[in-house]
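Notes to accompany the following structure.
Given the structure is predicted, the values throughout are model-derived calculations rather than measurements.
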Amino acid sequence: MDQPDLSFLLRAAEQPPQAPASAPPQADMPERRGHGRASGSMAELIAELRASQAELEAQNKVLRYSQAAAESASERFEALFSNVPLSLMVLDEHDMVVQANSMAQRSFQPLEDDRPLIALMPFVGAEHAARVRAAFATAREHGRAEATEVVFHIDEQRQITGDLHIAHIESHTDNDAPLTQFLCAVIDQGPLLAERQALQRSAEELQERNAQLHAGERRLEAVINSALDAIICVDQHERITVFNPTAAMLFQCAPRDALDSPLSRFLPAAQQVLAFAQLTTQAALGEMTALTASGRELAVEVSVSFERHTGGETTTVFARDLTGRKREEARRSALEAQLRESHKMQAVGTMAGGIAHDFNNILHAILGNVELAKADCKPGTPLHESLLEIDKAGRRARDLVRQILTFSRNEAPRRAAVTLAEVAHDTERLLRVTLPPEIELSMHLPADLPPVLADATQVEQALLNLCTNAVHAIGAQRGRIDVDAALVQPEQHLRESLGLAAGDYVALRVQDNGPGMDEATLPRIFEPFFTTKPVGQGTGLGLAVVHGVMRTHGGGIDVHSAPGRGSSFTLYFPVATPTSGDMAAPAAATPPAPPAPPPAAGARQRHVMYVDDDAALVFLVQRLLRRRGYVVSGFTDPHEATQALRAAPERYDLLVTDYNMPGYSGLDLLRAARAICSDLPVALASGYVTTEIEQAALAEGARALIHKPNDVEELCATVDRLAHER
């Protein structure tokens, strides 16, 4: 407000006052003194007035400047209030909007038909109204307040989510009455909330990815720790950074001792491993030699993987222990060799059985004709002596064929509980007779050994063959043969190599100090007809027979030999138990029937039908049986024999037929004969009678089984017994 102009007061003060005309004149001296005093006071007043005028002018100037500044500030405030990019409103204490900027108008009333911005609370959502009122109360008391994330509803579809900032304004009216107002700013948090939600989603995704990464790391760690291969990671300086438990077991080194060690500590050829880093990302290096922590060599299969990253280069080495594989390969090779040997022995046995069958017929004819010739010759004559030599040679050939059959037969022997000590001592008595004086025989068999499940005759034959083989190996030199036995439980690898079942065995060992055998001879010792003896001094069947005996007894034979160290043969016989299927004592041998007396005068002669595909054998049997008073009809064709039997079944008292005939076996003829004449006795003859053949023949009704070649007395005794049963 401008100050009043006081210049007129200064002009009035400068003029002296006029004396009235009627006033009496005063004396000169008092008037002059009084005028002087008045003049001095006026001057001072004028000076004060001028000073006040100057001061008032200065204040007026300041007031005018302040007014101009206030007007400028008001204009700036109005411009700022209108143009600030925030929703600003001035509210009175009754929630009425006194003033609102354009941003507030656009935000709260974007369309003309929208609700006008008269009051703020109608826009506030019901769930936020109490919080907003509390914020106004706080602003009234403390000057300012805020309410975050308040939802303002524009209409049913649109809304604003923002932070409400409140400032209390205190002003006065023209009559100095206090006026309460609130300056409100609404900061739209929609974009920020969207960004915040996006950030939250990103954070959640990041946390999920981190969790997945941690889970992946744990899975990878679990895979590495549970891997069957040794896994070793090395850095660019060839220092070990990862050493999994398999590597710790393989190289016998704790992980804490292996970490930060050079790779060459366990893989001496580490440079060869790392040289591939420049060529490829992974490589399979095959078999290499590794070292344990103690320096022991290992055969391992190595593959590597290379990874390049910002921190350098990481090499992962995978090492697989080949010890077990090599052991399995060696075991597999041994089993394959054993299988090939078994197949070879089976094939040779089959061949030997076939040869023995044909040879049996020849021997049967030779021995039978010798018996006939001896009967026609006087004893003591040169011819009789020649026949005796022929008979002796034929019987030796028969024993040789029986050895072949012992090797070739697959049927189980008739086993019972046998005491090895008794069998060994019986064999010792046989050996002492022919044992050279330069060779010492020593037997140590404890009497308390449990019985074994075996055929005593075949055990004796096997032991006799082993001792005889040892005698031939020692030769004319001085030597020693030791026979001992013990109760053992073979280890697993020995059971697997010999094909033994788990259980107790009696190990019968025959050991000599002869020259031994080399590696080339050892694998062939069980081959039939293989021998290292000169021609004419051995048949090569001794050890083959032993092998066949042990195979049919469910046992095994283990051999150890080396040049200059002798040979050791160990036979493993299963111990007999009360539950063993073959423990039943063998049936007492039926004593041979006495020869049938010659038929009485006028008595009917017994008629025998003999069938065999060998004509020489048919001719022989006819001559033998006719001399004993039988009528014999011989046939080489089983079909002709069947027709003859069908034509006159009552004519025949006994049928003797060979089992092995081409195209029509003895069992077929047996069935046909039983169908024609059920009470006709039938006997089967064969040089190769297995358990299956015997069971089948007895099931079909055969009365007897004749093993060829046999003695003439045995054949005639069987015929005499069966021919008179009808």
Side-chain angles (χ1 to χ4, degrees), residues 69-173 177-211:
E71 292 175 353
S72 177
S74 177
E75 292 175 357
R76 288 195 301 272
F77 173 76
E78 289 292 338
L80 180 63
F81 184 82
S82 300
N83 298 318
V84 70
L86 292 175
S87 297
L88 297 179
M89 293 170 283
V90 178
L91 276 66
D92 62 9
E93 56 185 345
H94 303 293
D95 191 42
M96 299 301 295
V97 177
V98 177
Q99 187 178 2
N101 67 350
S102 58
M103 186 68 180
Q105 294 291 343
R106 289 194 303 269
S107 299
F108 286 87
Q109 190 181 357
L111 301 177
E112 293 182 359
D113 298 335
D114 291 337
R115 178 173 48 189
L117 183 59
I118 300 174
L120 181 62
M121 290 305 296
F123 290 92
V124 178
E127 66 274 12
H128 302 284
R131 197 156 53 89
V132 171
R133 292 190 183 93
F136 276 103
T138 302
R140 182 189 297 274
E141 182 178 356
H142 298 287
R144 64 180 57 214
E146 66 178 20
T148 60
E149 297 185 8
V150 179
V151 178
F152 300 93
H153 295 278
I154 307 304
D155 54 24
E156 294 181 357
Q157 288 81 24
R158 291 171 295 173
Q159 65 183 25
I160 298 174
T161 302
D163 295 341
L164 177 61
H165 295 267
I166 307 171
H168 180 238
I169 302 173
E170 186 73 30
S171 61
H172 297 271
T173 60
L179 180 63
T180 299
Q181 291 181 336
F182 299 94
L183 177 61
C184 299
V186 177
I187 302 175
D188 188 2
Q189 297 292 338
L192 294 178
L193 289 176
E195 185 177 356
R196 184 186 304 171
Q197 292 174 357
L199 290 175
Q200 288 178 350
R201 288 193 298 268
S202 299
E204 292 174 356
E205 292 176 357
L206 183 60
Q207 290 178 354
E208 184 178 356
R209 289 183 60 187
N210 289 337

Please report the interatomic distance CG(Leu86) to CG(Asn101), rounded to the nearest 0.5 Å. 8.0 Å
Mind checking the CZ-CE spacing from Arg133 to Met121? Nearest 0.5 Å is all I need. 4.0 Å
In Å, rounded to the nearest 0.5 Å, how long is the span from NE2 of His168 to CZ of Phe136? 11.0 Å
Spatial distance of atom CG (Leu88) from atom CD1 (Ile187) [nearest 0.5 Å]: 9.0 Å
Among residues at least two apart in sequence or on other chains, which ones pass side chain to side chain contact (heavy atoms under 4.5 Å, CB included) with Ala139? Ala145, Ile166, Phe182
Closest non-hydrogen atom pair, Met89 against Ala104: CG-CB, 4.0 Å
On a heavy-atom basis, the closest approach of Gln105 and Ala100 is NE2-CB, 3.6 Å
Measure across Leu164 and Cys184 and return the closest heavy-atom pair with its distance rounded to 0.1 Å. CD1-CB, 4.0 Å
Nearest-0.5 Å distance, CZ of residue Arg209 to CD of residue Gln207: 13.0 Å
Pairwise side-chain contact, Ile160 with Phe123, heavy-atom cut-off 4.5 Å (strictly under): no
Sequence neighbours excluded - side chain to side chain donor-acceptor pair (under 3.5 Å) pairs with any residue from residues 179-194: Asp163-Gln189
Heavy-atom closest pair (Val90 atom, Leu183 atom, distance to 0.1 Å) is CG2-CD1, 3.9 Å
Got more than 12 heavy atoms from elsewhere within 6.0 Å of CZ, Arg115? yes
Taken in chain and number order and not counting sequence neighbours, the residues that satisfy side chain to side chain contact (heavy atoms under 4.5 Å, CB included) with His142 are Thr138
What's the separation between atom CZ in Arg201 and atom CD in Glu204, rounded to the nearest 0.5 Å? 8.5 Å
Begin with the C-alpha distance, continue with both residues' side-chain angles, and end with the deciding distance and a verdict on side-chain contact (heavy atoms from CB on, under 4.5 Å) for Val97 and Ile118. CA-CA 5 Å; Val97 177; Ile118 300 174; 5.7 Å; no
Residue set satisfying side chain to side chain donor-acceptor pair (under 3.5 Å) with Ser107, at least two apart, ordered chain then number -> Ser87
Side-chain polar contacts of residues 146-154 - donor-acceptor pairs under 3.5 angstrom, sequence neighbours left out - could you list them?
| from | atom 1 | to | atom 2 | distance (Å) |
| --- | --- | --- | --- | --- |
| Glu146 | OE1 | His165 | ND1 | 3.2 |
| Glu149 | OE2 | Arg196 | NH1 | 2.5 |

Under the side chain to side chain donor-acceptor pair (under 3.5 Å) test, residues paired with Asp95 that sit two or more places apart: none
How close do Val132 and Val124 get, heavy atom to heavy atom, and via which atoms? CG2-CG1, 3.8 Å
Would you indicate whether Asn210, at its atom CG, is surrounded by more than 12 heavy atoms from other residues, nucleotides or ligands within a distance under 6.0 Å? yes
